[in-house]
Amino acid sequence: MYDFNHLYEPASAAEAVEMMQAHPKAKIIAGGSDLLVQLRDGINAGCDFISIYMIDELRGISIDAEKNIRIGALTSFSKITKNKIIQENVPVLGEAADTVGGPQIRNIGTIGGNICNGHTGADTAGTLFALDAMVELTGPDGKEIIPIAQFYKSTGGVDLKPAQLLTAVIIPEKCYTGYVGCYYKYAARNAMDVDIVGCSVNVRLSEDKTVIEDVRAAFGVVGPNPVRVILAENKIRGSRVYPELAGIFADAAVEEIHPRTDFRGTKEFRLHMAHEIVKRMFTEAVKKAGGDI
């Protein structure tokens with residue numbers, strides 16, 4: 001049995017905020033794929049939960065009049081992967097969501113929970129960094145929309161204010177139109193495992209497919225948070241496409257990351273894998289975009 005004290009079930013995001021104000025020590029629970037495992041292991045035993053799982057307004061994927069993609073925080077990984085809007089506009093996000101856990105986890109786990117967990121290896125988080133995504137936060141003072149990179153604390157985890165709830169992920173139209181992305185997760189097993197290194201790359205080529213008009217790349221598990229390699233991006237932005245460019249980009253990218261050694265892999269191994277993965281993902285993205293590299 002799970003050892004918790006009270007379970008509150010708000011019917012709306014606004015009511016959830018009110019409950020968080022009334023019960024400031026309560027934990028927000030959505031799909032429960034992380035929290036229930038922790039609770040079974042005795043972590044947070046005896047706590048209060050505020051379950052937002054039944055708030056349907058926080059589900060679904062849509063495009064607004066300005067062609068910005070909005071993903072409700074409670075949208076499951078499997079729904080993201082199969083959604084037509086995602087498949088047609090940001091398939092790389094669907095690819096990343098499809099690497100999370102196994103089918104059962106992907107059916108219950110949510111994109112909002114994946115982000116708010118604050119883990120550097122969260123598959124959708126790194127991909128959203130490379131997409132320049134925004135997050136919508138709802139709290140006592142209303143809604144605010146901020147870049148996902150700003151949502152993460154410098155020491156790891158996310159910066160949710162008291163009684164504040166992540167309600168949606170937003171991908172601006174300018175951040176996906178014309179881009180082609182690739183994602184790769186390296187882990188000891190193909191499923192039900194945490195990244196040793198993850199990397200997501202997006203490129204936009206010139207109309208004649210010969211110039212890198214823009215590139216965005218992000219790594220997971222190479223620091224306390226997902227990491228964008230801004231200096232490496234700047235180094236090749238505007239460059240002509242040629243075979244050696246992928247290696248130049250990879251060399252620059254690993255200069256910006258600082259992985260550590262743990263039981264899953266050494267720092268040196270992660271640096272080696274990061275170099276190889278970003279090189280391959282950049283090359284694949286350029287090819288998918290129509291470039292000759």
Seminar exercise, completed: The side chain to side chain contact (heavy atoms under 4.5 Å, CB included) partners of Ala232 (sequence neighbours excluded) come to Val229, Phe249, Ala252, Ala253, Glu256
Exercise. Given the side-chain rings of Tyr8 and His23, with only the six-membered ring counted for Trp, is the space between their centroids under 6.0 Å?
Worked result: yes
Exercise. Please walk me through it: do Arg280 and Glu276 pass salt bridge (Lys or Arg N to Asp or Glu O under 4.0 Å)?
Worked result: CA-CA 6 Å; Arg280 292 188 185 188; Glu276 187 64 24; 2.8 Å; yes
For this session: Mind running salt bridge (Lys or Arg N to Asp or Glu O under 4.0 Å) on Arg270 and Asp262 for me, showing each step along the way?
Result: CA-CA 10 Å; Arg270 282 194 167 100; Asp262 63 18; 3.1 Å; yes
Exercise. Got a sec, which residues hit side chain to side chain donor-acceptor pair (under 3.5 Å) with Arg260, two or more places apart in sequence or on another chain?
Worked result: none
For this session: Considering only NZ, NE, NH1 and NH2 on the basic side and carboxylate oxygens on the acidic side, decide whether Asp123 and Lys185 come within less than 4.0 Å.
Result: yes
For this session: Go through the structure and list residues passing salt bridge (charged side-chain N to carboxylate O under 4.0 Å, His left out) with Arg228, not counting sequence neighbours.
Result: Asp132, Glu233
Problem set entry | Partner residues of Asp292 under the side chain to side chain donor-acceptor pair (under 3.5 Å) criterion, sequence neighbours left out | none
For this session: Establish, from distance only, whether the side-chain atoms of Glu136 and Thr167 form a donor-acceptor pair under 3.5 Å.
Result: yes
For this session: Could you list the residues that satisfy ring pair (Phe, Tyr, Trp, His ring centres under 6.0 Å) with Tyr184, not counting sequence neighbours?
Result: none
For this session: Quick one: list whatever passes ring pair (Phe, Tyr, Trp, His ring centres under 6.0 Å) with Phe77, sequence neighbours left out.
Result: none
Problem set entry | Non-neighbouring partners of Lys288 that pass salt bridge (charged side-chain N to carboxylate O under 4.0 Å, His left out), sequence neighbours left out | Glu95
For this session: Apply salt bridge (charged side-chain N to carboxylate O under 4.0 Å, His left out) to Glu255 and list each qualifying residue two or more places apart in sequence or on a separate chain.
Result: none
Seminar exercise, completed: For Tyr53, the ring pair (Phe, Tyr, Trp, His ring centres under 6.0 Å) test, sequence neighbours excluded, returns none
Sequence neighbours left out, cut at 3.5 Å: what donor-acceptor pairs do the side chains of residues 145-162 make with other protein atoms?
residue, atom, partner, partner atom, Å
Tyr152, OH, Ile115, O, 3.3
Lys161, NZ, Glu144, OE2, 3.2

Problem set entry | Which residues share a side chain to side chain donor-acceptor pair (under 3.5 Å) with Ser78, sequence neighbours left out | Ser76, Asn107
Exercise. Who passes side chain to side chain donor-acceptor pair (under 3.5 Å) against His275, sequence neighbours left out?
Worked result: Asp251
